[in-house]
Amino acid sequence: MRLFELAYTCRLFGELVGVDSATSELESVTRGHVDLDDEAHAKALLVWLNKWGCRQFAIAHHGEAGRMLAQWGDLWLPVLPKPSASLSQLKVRQLEVTADAYADVKDRQASQRVLKDGRVSSVTVGATGAAKVLHAVRPRVLPPWDDPMRVALGLDGDRDGYLRYLLDVQAHCRSIEAEAESFGIARRDIPAALGRPASSLPKMIDEHYWITLTRGLVPPTEADLTRWNDWARR
């Protein structure tokens with residue numbers, strides 16, 4: 001992944017998706033820091049998850065799901081990377097602990113569903129929901145993912161698959177930071193320089209994958225850009 005490719009896909013993401021009002025609403029309640037022991041924060045997080053496509057968190061079961069997330073948070077939030085951490089700087093052991101937290105919440109119950117025969121089925125948080133929960137509690141550090149991304153990257157939804165994803169995104173962050181530095185762009189300035197000031201670099205990698213893997217859109221090549229630049233200069 002090159003800097004120009006990320007710039008292109010993130011701009012396209014912004015044009016296609018528009019303003020992320022769901023995240024703005026979550027941040028207005030939590031002030032950018034989700035406290036899972038706060039019922040209002042937990043409710044805001046669950047509403048955000050619903051708006052981000054996680055229907056496993058049925059509205060009728062938000063109360064139980066909020067208490068489940070609080071229990072999970074009491075166990076894992078103290079050992080997750082700090083909210084201000086940089087993914088590119090994290091050690092493998094820190095990512096392994098994060099993957100352990102992912103595996104735990106993934107298999108917890110998000111809600112219940114009554115089947116046609118009257119039996120009650122447990123609906124778990126699942127792989128996509130777990131990654132989005134971790135992104136919500138560490139938005140500057142941990143990227144979300146979805147099923148098409150996982151399939152395209154050849155990753156399972158288990159603990160080791162998520163760890164591989166974190167290592168993959170970390171490697172991209174490091175290469176993008178190094179390339180940006182060669183153009184005089186500091187690490188903290190990359191989102192603004194690429195037109196995504198509200199996104200972290202890990203989230204921008206997710207946006208790139210959403211454009212290229214989930215939506216199947218291909219960024220221009222260097223040859224394309226050279227030709228377009230020639231046209232623009234005439």
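These figures come from a predicted structure and were not determined experimentally.
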* Side chain of Q94, backbone of K91: donor and acceptor closer than 3.5 Å? -> yes
* Atom pair CG/NZ of D38 and K43 - distance to nearest 0.5 Å -> 13.5 Å
* Asked: Are L6 and V17 in one and the same hydrophobic cluster, where Ile, Leu, Val, Met, Phe, Trp and Tyr link if side-chain heavy atoms are under 4.5 Å apart?
  -> yes
* Single-linkage hydrophobic cluster V218~V151, side-chain heavy atoms < 4.5 angstrom -> no
* Asked: Can we say R2 and E179 salt-bridge, meaning some charged N sits less than 4.0 Å from an Asp/Glu carboxylate O?
  -> yes
* Criterion salt bridge (charged side-chain N to carboxylate O under 4.0 Å, His left out) on E181 and R187, from CA distance to verdict -> CA-CA 7 Å; E181 185 179 15; R187 179 195 308 161; over 6 Å; no
* **Validation row, ring centre H41 to ring centre W48 under 6.0 Å** => no
* Any chain of hydrophobic side-chain contacts (each under 4.5 Å) joining V29 to L36? -> no
* Asked: What closest approach, in Å, do E25 and S28 show between heavy atoms, and which atom pair accounts for it?
  -> O-OG, 2.7 Å
* To do: To the nearest 0.5 angstrom, please state how far the CD atom of E207 sits from the CG atom of L12.
  => 11.0 Å
* To do: Evaluate the side-chain proximity of E222 to F4: yes if any heavy-atom separation is below 4.5 Å, no if none is.
  => yes
* So, for W145 and Y209, is the gap between ring centers shorter than 6.0 Å? -> no
* Structure fact -> So CZ of R164 and CG of L95: to nearest 0.5 Å the spacing works out to 14.5 Å
* To do: Using atom types as modelled and distance alone, determine if a side-chain donor or acceptor of H135 lies under 3.5 Å from a backbone N or O of P143.
  => no
* Find the distance between CG (L194) and SG (C10) and round it off to the nearest 0.5 Å. => 6.0 Å
* To do: Of all the heavy-atom pairs spanning A85 and L90, show the shortest one and how long it is.
  => CB-CD2, 4.0 Å
* Asked: Does a side chain donor of either T214 or D146 reach within less than 3.5 Å of an acceptor in the other side chain?
  -> yes
* Does the side chain of L134 come within less than 4.5 Å of W76's, by heavy atoms? -> no
* Inspect the surroundings of CG in L16 and state if more than 12 heavy atoms from other residues, nucleotides or ligands are less than 6.0 Å away. => yes
* Under 3.5 Å: donor-acceptor pair, side chain of W72, backbone of A101 -> yes
* Structure fact -> When every non-hydrogen atom of A103 is compared with those of R159, the smallest separation belongs to CB-CB, 3.7 Å
* Asked: So, R227 and D224, do they make that salt bridge, N to O below 4.0 Å?
  -> yes
* Can you check side chain to side chain contact (heavy atoms under 4.5 Å, CB included) on L69 and L46, steps first, answer last? -> CA-CA 10 Å; L69 289 173; L46 291 163; 4.0 Å; yes
* Asked: Just how far is it from atom CG of L45 to atom OG1 of T30, taken to the nearest 0.5 Å?
  -> 9.0 Å
* Asked: Is it true that the side chains of H61 and S111 contain a donor and an acceptor less than 3.5 Å apart?
  -> no
* Closest non-hydrogen atom pair between V141 and P83, with its separation -> CG2-O, 3.6 Å
* To do: Give the intermediate values and the outcome of side chain to side chain contact (heavy atoms under 4.5 Å, CB included) for residues K51 and V47.
  => CA-CA 6 Å; K51 291 182 176 180; V47 170; 3.9 Å; yes
* With distance as the sole test, does Y165 use its side chain to make a donor-acceptor pair with the main-chain N or O of P144 at under 3.5 Å? -> yes
* Asked: Any salt bridge between E177 and R174, counting N to O under 4.0 Å?
  -> no
* Asked: Should the heavy atoms of other residues, nucleotides or ligands under 6.0 Å from CD of E39 be counted, would the total exceed 12?
  -> no
* Looking only at non-hydrogen atoms, find the nearest pair between K132 and C54 and report the distance. => CD-SG, 3.6 Å
* Shortest non-hydrogen separation from G129 to Q56 and the atoms involved -> CA-NE2, 3.6 Å
* Taking it one step at a time, do L225 and Y8 satisfy side chain to side chain contact (heavy atoms under 4.5 Å, CB included)? -> CA-CA 11 Å; L225 295 177; Y8 175 86; over 6 Å; no
* To do: Evaluate the criterion side chain to side chain contact (heavy atoms under 4.5 Å, CB included) for residue pair Y162 and L167; output intermediate values, then yes/no.
  => CA-CA 9 Å; Y162 180 69; L167 290 167; over 6 Å; no
* For residues C173 and L201, determine if any side-chain heavy atom of one lies less than 4.5 Å from a side-chain heavy atom of the other. => yes
* To do: Any chance you could lay out the side-chain hydrogen bond (donor to acceptor under 3.5 Å, both in side chains) test for Q112 and S122, step after step, and finish with the verdict?
  => CA-CA 5 Å; Q112 291 182 328; S122 176; 6.0 Å; no
* Thinking salt bridges, do D104 and R108 make one under a 4.0 Å N-O criterion? -> yes
* Asked: Does the side-chain hydrogen bond (donor to acceptor under 3.5 Å, both in side chains) test come out yes or no for Q109 and T124, once each step is laid out?
  -> CA-CA 4 Å; Q109 180 175 292; T124 59; over 6 Å; no
* To do: Answer yes or no: is there a donor N or O on one side and an acceptor on the other, between the side chain of K106 and the main chain of V125, under 3.5 Å?
  => no
* Are the side chain of R138 and the backbone N or O of P81 linked by a donor-acceptor pair below 3.5 Å? -> yes
* **Donor-acceptor contact present, side-chain N50 to main-chain F57, <3.5 Å** => yes
* Is there a path of hydrophobic side-chain contacts, each under 4.5 Å between heavy atoms of I, L, V, M, F, W or Y residues, that connects I59 with L49? -> no
* Asked: Among the clusters formed by ILVMFWY side chains lying less than 4.5 Å apart, do V105 and V123 turn up in the same one?
  -> no
* Structure fact -> Rounding to 0.5 Å, atoms CD1 (I176) and CD1 (I205) come to a distance of 5.5 Å
* To do: Would you mind checking if D206 and K203 are paired as a salt bridge, meaning a charged N to carboxylate O distance below 4.0 Å?
  => yes
